[in-house]
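Taking it in order: structure first as structure tokens, then the write-up.
Everything quoted here is computed from the prediction, not taken from an experiment. Every chain is numbered from 1 and lettered A, B, ... according to where its sequence line falls, protein lines coming before strand lines.
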Amino acid sequence: MDYNFQEIEKKWQEYWADNGSFKAEESSEKPKYYVLDMFPYPSGAGLHVGHPLGYIASDIVSRYKRHKGFNVLHPMGYDSFGLPAEQYAIQTGQHPAITTEENIKRYRQQLDQIGFSFDWSREVRTSDPNFYKWTQWIFLQLFNSWYDTSADSSKSIDTLVQHFEAKGSEGVNAVTSNEEDFTAEVWNALSDIQKEEILQKYRLAYRAESTVNWCPALGTVLANDEVKDGLSERGGHPVIQKKMMQWSLRITAYAQRLLDGLDEIDWSESLKESQRNWIGRSEGASVHFALKDREDKIEVFTTRPDTIFGVSFMVLAPENPLVDKITTEAYEGSVRKYKEQAAKKSERDRLADVKTVSGQFTGAYAVHPFSGKELPIWIGDYVLASYGTGAVMSVPAHDSRDYAFAKYFDLPILPVVEGGDISKESYDAKEGKVINSDFLNGLDVKEAVAKAIAKIEEEGLGKGKVNFRLRDAIFGRQRYWGEPIPVYYQDGVPHAVKQEHLPLELPQVDAYLPTEDGEPPLARGHKWNYDPEKGVVANGEGYPLEQTTMPGWAGSSWYDLRYMDPFNTDAPVSEKADAYWQNVDLYIGGSEHATGHLLYTRFWHKFLKDQGIISQNEPFKKLINQGMILGTSAFAYRVEGQNKFVSRGLRKDYKTIPVHVDVHMVNASDELDVEAFKAWRDDLAGAEFISENGKFLVGREVEKMSKSKYNVVNPDDIIEQYGADTLRMYEMFLGPLEQSKPWNTAGITGVHGFLKKLTRLYKNGADWNISDEKADEKELKSLHVLIKKVNEDIEAFSFNTSVSAFMICVNELGVMKCNKREILEPLAVLISPFAPHLAEELWAGLGHEGGISAVPFPVHNDEYLAQNSFEYPVAFNGKMRFKEELSLEMGKDAVEKHIMALERTATYLDGKSPKKVIVVPGKIVNIVI
RNA sequence: GCCCUGGUGGUGGAAUUGGUAGACACGCAGGACUUAAAAUCCUGUGAUCAGCAAUGGUCGUGCGGGUUCAAGUCCCGCCCGGGGCACCA
């Protein structure tokens with residue numbers, strides 16, 4: 001065999017491992033380039049052909065950059081804390097660390113086979129105590145920080161305490177849930193416990209009673225991004241709302257910076273848009289409405305202060321604490337009933353039930369700040385307690401939800417913006433002239449918004465305000481297999497575990513379930529107390545440790561930094577490593593992390609930047625989302641009620657049910673291996689098959705790759721049959737990296753054949769056959785067209801088109817029977833990022849030693865590309881009719897003259913004289929008749 | 001509902017950003033080599049009409065308009081697929 005890929009690939013993989021070919025240099029004169037893949041969670045199922053897609057693309061870039069003279073950091077590791085290993089542990093009693101270790105071994109084996117140029121010496125695992133020591137350390141920095149909005153930066157909590165001691169809360173501009181002002185005297189007189197209660201409202205990692213997403217089936221809380229349509233993202237279990245004491249991270253402090261930062265990074269527009277939606281900035285005003293006959297006020301947030309004269313009632317969320325205070329005696333019963341009803345509804349029901357209007361009058365009235373009119377106060381579950389102030393001013397004429405509410409309960413609808421018909425629906429558009437609105441009359445909506453805010457501020461009724469939809473991130477999980485939160489409790493007050501006692505390692509437990517009392521699994525640890533002098537001690541001594549662990553995204557929020565300096569024992573990353581590597585130049589991974597990992601990571605980096613740990617604002621300069629590789633399922637058509645199958649073309653004649661067929665039993669022409677199919681399952685053994693033209697054909701459909709659809713293709717099988725280089729090139733050839741596309745094993749023969757063809761340029765049978773003759777013009781042109789294209793394509797991440805370009809060039813050289821060193825040497829280097837094993841083999845065959853990976857990448861020479869003639873398409877009224885080869889040196893006029901003199905031109909003119917002749921040199925001739 | 005994407009042969013996809021639509025590959029059809037198969041190589045392959053044929057005509061990039069000598073590409077209005085957000089005031 002002239003292309004013995006199995007032997008070649010094994011040989012060079014060993015060579016790379018033995019020579020440490022891809023070790024990134026600590027420091028270097030070379031410019032740095034950091035290419036990162038989203039590290040995988042090592043699941044038990046192993047990789048299917050969809051997983052390596054992004055890794056192949058990043059590997060091509062890494063290898064290309066090495067050829068271009070960069071010091072490339074291209075690491076890999078494992079996001080090894082997670083639910084599946086824990087659930088397996090619950091079922092079997094096996095420690096999740098063991099399962100994880102086994103899965104990692106399998107992953108490593110699969111990854112190694114594909115020939116990636118990872119620097120494995122820097123491997124990280126989030127579940128490794130040497131790694132999570134620093135995850136815990138970062139958590140403690142967050143715990144010890146508050147956010148100063150005046151400086152727009154986080155600061156040490158000590159600075160806040162000093163301020164409180166000297167001046168109380170006056171002059172503090174912080175992101176906080178604290179609403180009560182106090183003086184220095186009051187502060188200094190507080191007990192430690194009371195002080196800590198207040199500080200918790202400022203810390204960036206804090207404990208608070210908050211409504212959380214509780215998943216009873218998983219026995220843990222979930223972050224907002226882990227819940228989809230009221231179900232847990234993992235497992236699809238129902239999620240309910242529950243009030244719990246929870247650790248949270250104050251990501252909301254960074255909302256504006258997270259939003260602004262998007263403008264300086266090269267990410268896809270759709271991804272940025274997802275993050276913008278998630279952060280959900282809206283501008284408006286907060287306005288205080290006084291209550292009739294009471295001291296309290298209702299504060300609302302509105303984005304439409306211009307419609308303030310259209311307010312005809314107020315609505316509070318049922319959970320709003322004000323409700324109980326203001327409800328009049330006569331309505332107490334019905335309000336209580338409504339609240340109970342609302343509390344019973346799960347988030348999911350509430351979402352599903354958007355169309356049903358419900359609410360209850362409280363008996364109380366607010367007073368319109370400008371008109372003095374009395375406004376009835378209602379409660380309704382369309383108002384959310386967790387957004388804004390949990391209260392709205394209702395402008396039914398210009399808000400569809402308020403409109404529905406007003407119609408249902410027959411409340412007044414007052415139009416204040418011209419331009420819509422409000423007899424059937426509200427007019428929500430922000431266009432038109434304001435009417436019926438006193439000092440706002442005659443203004444455009446935009447002007448009215450500004451004027452209304454100015455007036456509200458002037459009268460002390462409120463102020464302009466920006467609101468974000470982003471919520472603080474719930475950080476505690478009632479699980480075993482995660483990073484322990486390094487906190488202990490003294491008199492119920494949380495204290496940080498000392499740095500010298502980090503990592504706080506997971507305790508040994510006898511089972512991985514929550515306890516019978518519903519406490520997290522860590523409560524089963526027999527040695528899970530803490531003494532600030534001694535560290536972890538047995539229960540009964542010292543103080544109790546926190547029992548929840550960190551969520552899956554904790555470790556992944558900073559792992560990119562650890563690769564820069566994986567063995568550092570003094571810091572997550574050294575100043576030197578940070579200064580050299582800075583941040584990730586190219587990050588490739590799936591778009592499913594848009595509002596989870598990618599947002600949290602940006603948050604942690606901004607925080608670490610504030611702390612002076614790192615120098616960069618953003619972790620990932622450029623990000624590409626690789627598309628999903630879908631499966632091409634195969635179906636056999638079973639005749640309803642019979643054990644009989646009909647071929648695809650005949651199924652119209654029968655009533656059939658499609659049955660999934662394992663794609664491995666179908667060939668490239670969609671023919672089913674009937675014998676294999678019969679042997680597949682007992683019930684099929686006696687089946688009858690009706691063929692067409694002697695063939696039994698299956699139907700095809702594109703679906704997500706999944707075991708249950710029998711359409712999963714394993715890379716190991718592909719590598720076994722065609723080799724890793726073929727797999728790599730075929731995955732790239734399938735289509736644009738960012739696009740989702742179906743896998744079809746049938747097409748792979750094209751790429752495999754190409755690699756064989758390439759080999760044949762260098763070899764004659766088993767022997768190397770290379771000539772030192774000078775290359776001719778045509779050969780050089782073919783090569784240099786390719787050099788130019790490949791360079792451009794890699795820079796543009798358009799790998800599918802470079803594979804085509806390789807095919808075109810190799811086809812051309814094959815026809816010319818070119819075996820000249822002058823052509824074949826650069827060709828081997830060009831293809832090395834794509835098919836590295838074969839490239840190494842060819843390079844060695846050309847007589848080189850020392851490997852190909854650092855050989856400079858070819859640069860094209862324009863001289864060889866220069867054309868002296870061009871085949872002009874000649875079009876009449878824009879329709880191409882014939883072509884004429886002309887010298888490119890001919891000017892416009894000369895071309896026109898030549899073309900007009902042609903006999904063929906005369907035929908098409910058919911006696912008419914052209915109105916106009918357009919000549920675009922080197923492009924086209926168009927004759928307008 | 002709002003926001004991002006995308007829509008090109010039987011299939012995956014190209015098209016230098018306004019200049020020959022369908023590169024490259026799969027599949028299909030035919031042929032060469034072979035006892036045969038595999039492998040390899042060659043030819044054809046958007047639809048449709050006319051012709052024995054070389055060839056020629058018409059249509060054709062989701063739909064309907066428009067700009068232009070020229071539109072897959074630009075503009076206006078729709079339709080459909082994929083994704084994000086969503087009683088967010």
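- When the side-chain hydrogen bond (donor to acceptor under 3.5 Å, both in side chains) test is applied to A:Ser286, the partners found at least two apart in sequence or on another chain are A:Glu299.
- The pair A:Glu273-A:Arg276 meets the salt-bridge criterion, with a side-chain N (NZ, NE, NH1 or NH2) lying under 4.0 Å from an Asp/Glu carboxylate O.
- Annotation: side chain of A:Phe5 is not in contact with side chain of A:Thr726 (no heavy-atom distance under 4.5 Å).
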In B/S/- notation (B base, S sugar-phosphate only, - none; protein heavy atoms under 4.0 Å), nucleotides 20-29 of chain B written 5' to 3' is B--BBSSSS-
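- Within the structure, salt bridge (charged side-chain N to carboxylate O under 4.0 Å, His left out) contacts touching residues 726-750 of chain A (residues at least two apart or in different chains) are A:Asp59-A:Arg728.
- Regarding A:Asp399, its CG atom lies at a distance of 17 Å from the P atom of B:A86, rounded to whole Å.
- Taking atom CZ of A:Phe882 as the reference point, atom P of B:G57 lies 12 Å away to the nearest angstrom.
- Between A:Phe313 and A:Phe405, the angle of the ring planes stays under 30°, which puts this pair in the parallel group of the 30/60° scheme.
- Nucleic acid contact for A:Ser591: none, since no nucleic acid atom lies under 4.0 Å from a heavy atom of the residue.
- The same atom, C1', is picked in B:A86 and in B:G6; the two are 23 Å apart, to the nearest Å.
- Not a single side-chain hydrogen bond (donor to acceptor under 3.5 Å, both in side chains) links A:Glu903 to another residue, sequence neighbours left out.
- The residue A:Gln275 sits apart from the nucleic acid: no heavy atom pair falls under 4.0 Å.
- Applying the 90° cutoff around 0 to the glycosidic angle, B:G9 is assigned syn.
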Check: protein-nucleotides 43-46 of chain B nitrogen or oxygen pairs below 3.5 Å:
none

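- One finds a side-chain N or O of A:Arg760 lying less than 4.0 angstrom from the OP1 or OP2 phosphate oxygen of B:C41.
- Within the 4.0 angstrom heavy-atom criterion, only backbone atoms of the sugar-phosphate kind lie near A:Val928; the bases stay farther away.
- B:U40 atom P lies 13 Å from atom OH of A:Tyr3, rounded to whole Å.
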Go ahead and write out RNA chain B as dot-bracket, 5' to 3': ( ) for pairs within the strand, [ ] for ones crossing earlier pairs, | when the partner sits on another strand, dots for unpaired; Watson-Crick or G-U wobble, both distances under 3.5 Å.
(((((((..(((......[....)))((((((.......))))))(((((....)))))..(((((..]....))))))))))))....
